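Note sheet for the following structure.
Order of listing sets the numbers, starting from 1, for every ligand and every atom in it. Predicted model only: the values in this text are computed from it and were never measured.
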Amino acid sequence: MRLETQAVHAGEPSNNSEGPVVMPIFQSATFLGTGTYMRPADTPNHRALAAKLASLEGTEAAIALSSGMAAITSALHTALQPGDHVLTQAALYGGTWEFVHNELARLGVSHTTVDAREAPSWRAALRPNTKVFYAEAISNPLVEVGDLAAASAFSREHGLISIIDATFATPVLCRPCTQLGFNVVVHSATKYLNGHSDVVAGAVASSAAFISKVTDHARVYGCTLDPHAAWLVQRGVKTLALRVRQQCASALSLARFLDGHAQVSRVYYPGLPSSRDYARTVELFGGSGGGVLAFEVKGGVAAADAMLGALEVATVAVSLGSVETLVTRPALDTHLHLGAAGRKAAGIADELVRVAVGIEAVDDLLDDFAQALMVVRRALGIITLAQ
Ligand SMILES: Cc1ncc(COP(=O)(O)O)c(C=O)c1O
């Protein structure tokens, strides 16, 4: 089956006593006589969603967990022992950055950050105890696309477990385990997989052996997804391909518009031919740069905030991958905990604005950003009211 068909049909009930076409919600913590209990993610809703996710990723198995961070930390806990060392991409989602920089050491695990775009530099960072290579398919918030094929090959060559956060790419752009040879893929299912800003959830997909260990971890640490949330994600996934294709097309239009705008100093979008990552985006994702872009507004933080305040269609809120366009300033929220020095090292300017494009009519989005940037230009006195 092709991805669109898998998204609709995989993991759905083939028959059951009452005959509903749609998977019912089994909102029960425990099950008669079978030893089935909710915490180990072993209810019908967990199993149905796991089957759908494994089908989409082309992996032997998958597990849905209580958040994207639960998925990331469970995968890393499963792969690592005290005394191990991890190579991580420098550009990371803020929560993952915090886990790597603040929590790993408490588990007795050391790390070295590497530039995921610079494969030749990785060998020097290897240590005899290096166990994991951790990357993001498209990084948050600067939407960098690392040398993912090289990361997978490098991991194989050196016996590392390769883990990739494919939240921004989704299986629509890339299936990292089947297409690139990664060992483990993690998602914040809160984002594109669910797609409607009404659930926090995560997923890990990998071999049956690895997922069995993640399941043991989830059982002990208790990071279980509620069946109702699992049901919502399962419903959301059905429209994944339609949503993501629309979001990618609209993101490209908005990136082009912003790229030529006098009030914008820099646009980050790997689907623009001018991007440093465009060749890799073509090679890995067929040229689609995903549904998220970022840009720096001329005039600094005050100008960026004035623009955010003037948006009428786009919603100013954290998160991404939803049907509504969500706009945020990462220095204020997603990457706040990196601190000024951490953000500077990661290249995240205070005036950086991240846009996660939704499924609204693209012309309404273009008009909205055009009028909001016009408000900034008036506020800065670059143009007069009459203009
Ligand atoms: C790339 C990426 N991974 C993981 C997460 C964490 O997901 P969650 O909020 O579902 O824990 C996020 C959240 O923004 C993210 O952007």
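For the residue pair T167 / D165, a side-chain donor-acceptor distance below 3.5 Å is found, with atom types taken as modelled.
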Identify all pairs of nitrogen or oxygen atoms, one from ligand 1 and one from the protein, separated by less than 3.5 Å, and list them with distances.
residue: ligand 1; atom: 3 (N); partner: D165; partner atom: OD2; Å: 2.6
residue: ligand 1; atom: 7 (O); partner: S188; partner atom: OG; Å: 3.0
residue: ligand 1; atom: 10 (O); partner: G68; partner atom: N; Å: 2.8
residue: ligand 1; atom: 10 (O); partner: S188; partner atom: OG; Å: 2.8
residue: ligand 1; atom: 10 (O); partner: T190; partner atom: OG1; Å: 2.5
residue: ligand 1; atom: 11 (O); partner: G68; partner atom: N; Å: 3.0
residue: ligand 1; atom: 11 (O); partner: M69; partner atom: N; Å: 2.8
residue: ligand 1; atom: 14 (O); partner: K191; partner atom: NZ; Å: 3.1
residue: ligand 1; atom: 16 (O); partner: N140; partner atom: ND2; Å: 2.9

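Annotation: salt bridge (charged side-chain N to carboxylate O under 4.0 Å, His left out) contacts involving residues 311-336, sequence neighbours excluded, comprise D305-R329.
Using a 4.0 Å cut-off between charged nitrogen and carboxylate oxygen, E283 and R280 do not count as a salt-bridge pair.
The environment of CZ in R47 is crowded: more than 12 heavy-atom neighbours from other residues, nucleotides or ligands sit within 6.0 Å.
T190 places a side-chain N or O within 3.5 Å of a backbone atom of A201 that can act as its donor or acceptor partner.
Aromatic ring centres of F295 and H261 lie farther apart than the 6.0 Å criterion allows.
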